[in-house]
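To keep things clear, I will list the structure first and then write my remarks on it.
In the text below, chain A, chain B and the rest are named by the order of the sequence lines, each starting its count at 1.
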Amino acid sequence: MLFAVLAAICAAVAVVGIIAAIAIYRQKRSNKHIHLNRDMNQFKTVVGTTPFDNPSVASNVRNGGVVVDDGTAKMKPSDGLRGRIAILGGFAAVVFAALGAKLWNMQIMSNEAYASQAEQNLYTTVTTPAARGIISDVNGLPLVKNKVCQTVLADSDVADDNDVTRKLAAILGLPVNIVKKRIKDTSAGAQSQRVVSSEARMRDVAYIAEHAESFPGVSIESRTMREYPYGALAAHVLGYTAQPTEEQLAQQAEGRTIESTDVVGQAGIEVYYDSVLAGDRGQRRVMVDASGNVLDVMDDIKSTQGCDITLTIDARVQYAADALLAQTIAPNGTIGQGRGVAGSIVVLDVRDGSIVAMSSYPTFDPSYFTGSIPTDIWELYQTDEAFAPLNNRAINGQYAAASTFKAFTSLAGLEEGFADFQSTWVCSGSWDGFGTGDVQRCHLHTGHGTLDLHGGIVNSCDVVFYEIAKAFFDHGPDGTGEISATALQEQIEKFGFGSKTGIDLMGESAGRVPTPEWKAEHWRNVPSEAQWRGGDYTNMIIGQGDVLVTPLQVAVAYGAVATGKLMKPHLLKEVHNAEGEVVVTVEPEVVSEPDVKPEYLEYVRDALHGMVRANSSIASMVDGFGIDAAGKSGTAENYGHNDNAWFVTYAPFDDPHYVVACVIEEGGGGSAVAAPLAVQILNAAIKAEAGTLDTTPAKLPGSTGKSVPLSYQSASARDD
Amino acid sequence: MSELPQITTLRAAHSIQSTQPRGRRRFRFNPVLFVVVALLAAYGLLICWSATTSDPDYSFSRQALCVAAGAVIMVAMWHFDYQRLANMHMPFLIVTVVLILSPHLPVIGVERMGAQSWINVGMQLQPGEFAKVTLVIFAASLVARYGGVLDDVREYLKCLVLLVIPFLCIMTQPDLGTGLVYLIIAASVLIVGGAKARYLVGTLLAGIGLVALLLFIDEFFLKYQTASGDWEYRILKQYQRDRLLVFLDPEADLAGDGYNLAQAKIAIGSGGLFGKGLMNGTQSAYHLPEAPTDFVFCILAEELGFVGSMVLIGLYIALMVVIFRIARRSVDLFGTLIVSAIIGMWLFQILENIGMTVGLMPITGIPLPFVSYGSSFMIVNFIMLGLIGSVWAQSAMTGKKGGYATPR
């Protein structure tokens, strides 16, 4: 800058120098004339320009003795200054020549370049967001729809305009500081317009549009937004949509470009099938003015709505499960007033692996996330009292499997030959098989007496399983060494435990089947605990200790017990394109057929059937519904808290259709708390299939996020 | 000792006026000037109409009214004998200064876009524009006293100091564009008024030196850092620097004045030979702010093309030719200087206004004579024409009756 100024000054000095040289040269040449001119002009000017002159000046001139002859008198006073006027004329000539030349250059020589720039200026391509596909249940009932909303957008510099922000706040009914905060929010990208209100009322929008000149930098756009007719129904399955995160913008999937103004899936089906649900953006070539106002639409490629998705979820069964969980855990909306603090129910169609219902409580209303989530709800949901409503416990809740594990560990015992149909054991209520003095107790402290394996499963007798565990230990590396240290785990893992089921949802947990290596690694800093002991076998065999399973894993594994096939669970049934044609149909996928002798499976099924029959309250409930079910309860020790209640059941016994897994965190006994829920939902699933279910889905509220301490404590450690 | 024929002649001419038949004597019609001005004003209104129709902030009828009012004022001025003002340079200096400083007055002063340039007396006026008229008369009468020979240093410096006063006053608003016009008026009068070439060159060098000195002081002594960490100057603010220098490097400031300049050039360049047709301009209408005022030439160039631009330039040239002749034929130096000052002023405004839109000159807000939207300057232009007419009328009358030889 300074250099440019100095250069300009030097150039100016040079130009002035040249002009001065010419002027001096001319002056020298015309010296004589100037003298003459001066006398004459002085005289004439004084006379000519002073009508109110005082006489002394005039006489002064007279006394100067100017000689005027006729010839000079006839000259104009300006004649002597002809050269000076010529300078002005030269200036005029330069001005017009320079401007003319420059205009010739621009308008004739460079016309094409400028014309194309003007063309570019005039037209711009805007993309119009596409509506996302609709998500409906197995019967075609829409669970997620779209609605058209008027969105008020503002340029970032509007935040500095107090006048406009105040007016916007008044019209939209928002506090001024909220309006400013939203305009300053750069989460959608620094360049894009900021959303002030995503759901403005029609008349407010009309007012802003009519008084556009008072709202510089503010614009209004129609956008489609997600609508959830049933509120929190299947919220964890459906997930929610929101503006893309920085991460999502950074790593975009192939064939899908995400713009910061888009709405993308953030959880559940919405994120897993985001590229299916998202449509193709439309492109509009428009004529715009400098402020970006659209003056004319040149051509318009309409956006195509995303593909519609049909889920395997049956909204009626889902509603029954969601409502029942909410009613059980928080009958008045506050957790702690019912049974347990959280829970999950999974209903799986064992024939093809489709999920009929997947419920998790506490839950949320996905409509909170459309637009911008209210900060108070968001903060409330982060507190401990809310018990993580956004967490899908069906796939992320990891619990000790407790006695539900006995179906698989008894199969393990049978397979390894540590138990057979004739084996019997004596339960005295306590057991110290390893002779360490550390007495382990059966949940029935008085003892079950003499039992075979069937009785062990039906009564859930721990001692029977401790004995089988001891057999594994005795034949393992620490005993005879006939089997490996992970023989039991390998049997259990045949049913999918310890690995993800592969359901079409993001972030599924794998659970845990503990092994000596895992334990050594886990306790590497506490060598005294890192030792793999006999107690690890006895804990694992009754689904306690370090065992972790998800409700979905339990449901899928029991499906494998019921049918002999381990299915890959899935939520997607079909994808329809915008024309309504089915473009994708999900085929059932068998992950594996667990390598277990059929007669053993038959034996365990029979024991599970016997368990349901043996428990009078469950049996009467099942009979009341007219279904023939098998099942297993579980009560998981939960250190420092009430026990977690488990019940898993399937029906019909001789031709299994559905398996229902239910867990109630801190609910207490499995048979008492979880079984009624599981059986009711199992009944709902069977009745829904038969077409005799009279439940109609209704709108469900999200959790309030409030809780009080539980008012009861489970009496004993485990009741079964 | 011979009589002074000029005195008697002039005075006689003055008195003859009343004795001669009124219709012939009172008003001398200059048809060429009239036709050129009428064409120019009509052309200007045509462009203004195209520029203002799409923009509700501007009123074409108001502009047309101004032209009509201006024409009336012009005719009235034409009748007036400018020579009566010859010896009144001090009163005119005072009037000039009062006009320029009037926007600083508490009640009527209006601040707009960071400058105290407007007053509100029922309507919004720019007294700085009207001060151009009084400045022209003041400067002409001041220098005319020296009779075309200003070769005394003290006298020259005295003139110089008096002529710089209006410039210093307008810089308090601040309005650099109008201030430069004042300097051009002063320079025109000094050049044509016969100031010694040596003095003029010296003044120019001193002026350049002064600007350099001010920039130097600004750069090394008065520069300070603002809260945001940028450097800011006290004498010539950063935004003024950007504006003045953007034409040297249009890419530097694409968001602000660089954007305006780029859009202006696209508007002009895309006009081509015949333009896009009246009212069909897209560029200037949508992409140029303040198009009807400072960037009005862009509308003309875009909509009527090179031909339309040349018509305007041609009309300006015609006007200049006519008034140059009037300057040459004036009966006295005062008249010559008045017309010369007006020539200098218009030339500079044409150069600056068109020059800035094509990227030849720095960007300052100077209106284009007879075309730019704005009542004050339009009326001032017609007052100027009235003064020119007056000079012509006086010379025509004395030319007929006063015994001057018709120059070549």
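- Looking at A:Leu88, both its backbone and its side chain come within 4.5 Å of chain B, counting heavy atoms on both sides.
- With respect to chain A, the highest number of heavy-atom pairs below 4.5 Å among B:Ile350, B:Leu273, B:Val358 belongs to B:Val358.
- Interface residue B:Leu200: only side-chain heavy atoms are found under 4.5 Å from chain A.
- Considering all non-hydrogen atoms of both residues, B:Gly269 and A:Asn111 come closest at O-ND2, 2.8 Å.
- Heavy-atom pairs under 4.5 Å with chain A were tallied for B:Ala195, B:Ser188, B:Ser141; the largest tally goes to B:Ala195.
- Only the side chain of B:Ile343 has a heavy atom closer than 4.5 Å to any heavy atom of chain A.
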Q | side chain to side chain contact (heavy atoms under 4.5 Å, CB included) evaluation trace for B:Met320 with A:Phe96 | A | CA-CA 11 Å; B:Met320 288 300 154; A:Phe96 292 124; 3.9 Å; yes
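- Neither the backbone nor the side chain of B:Leu150 comes within less than 4.5 Å of any heavy atom in chain A.
- Proximity to chain A is limited to the side chain of B:Leu360, based on heavy atoms less than 4.5 angstrom apart.
- With A:Gln107 contributing its side chain and B:Ser270 its backbone, the two residues share no donor-acceptor pair below 3.5 Å.
- Contact of B:Phe274 with chain A is not made at all, since no heavy-atom distance falls under 4.5 Å.
- Nearest heavy-atom pair, B:Ile266 versus A:Gln117, reported as atom, atom and distance to 0.1 Å: CD1-OE1, 3.1 Å.
- Heavy-atom minimum distance, B:Ile191 versus A:Arg84: O-NH1, 2.6 Å.
- The nearest pair of heavy atoms linking B:Phe306 to A:Gly100 is CE1-O, 4.1 Å.
- The minimum heavy-atom distance between A:Leu103 and B:Ser309, with the atom names listed, is CD1-CB, 3.9 Å.
- Both the backbone and the side chain of B:Tyr316 have a heavy atom closer than 4.5 Å to some heavy atom of chain A.
- Between the CD1 atom in B:Ile313 and the CG atom in A:Leu99 there is a gap of 5.0 Å [rounded to 0.5 Å].
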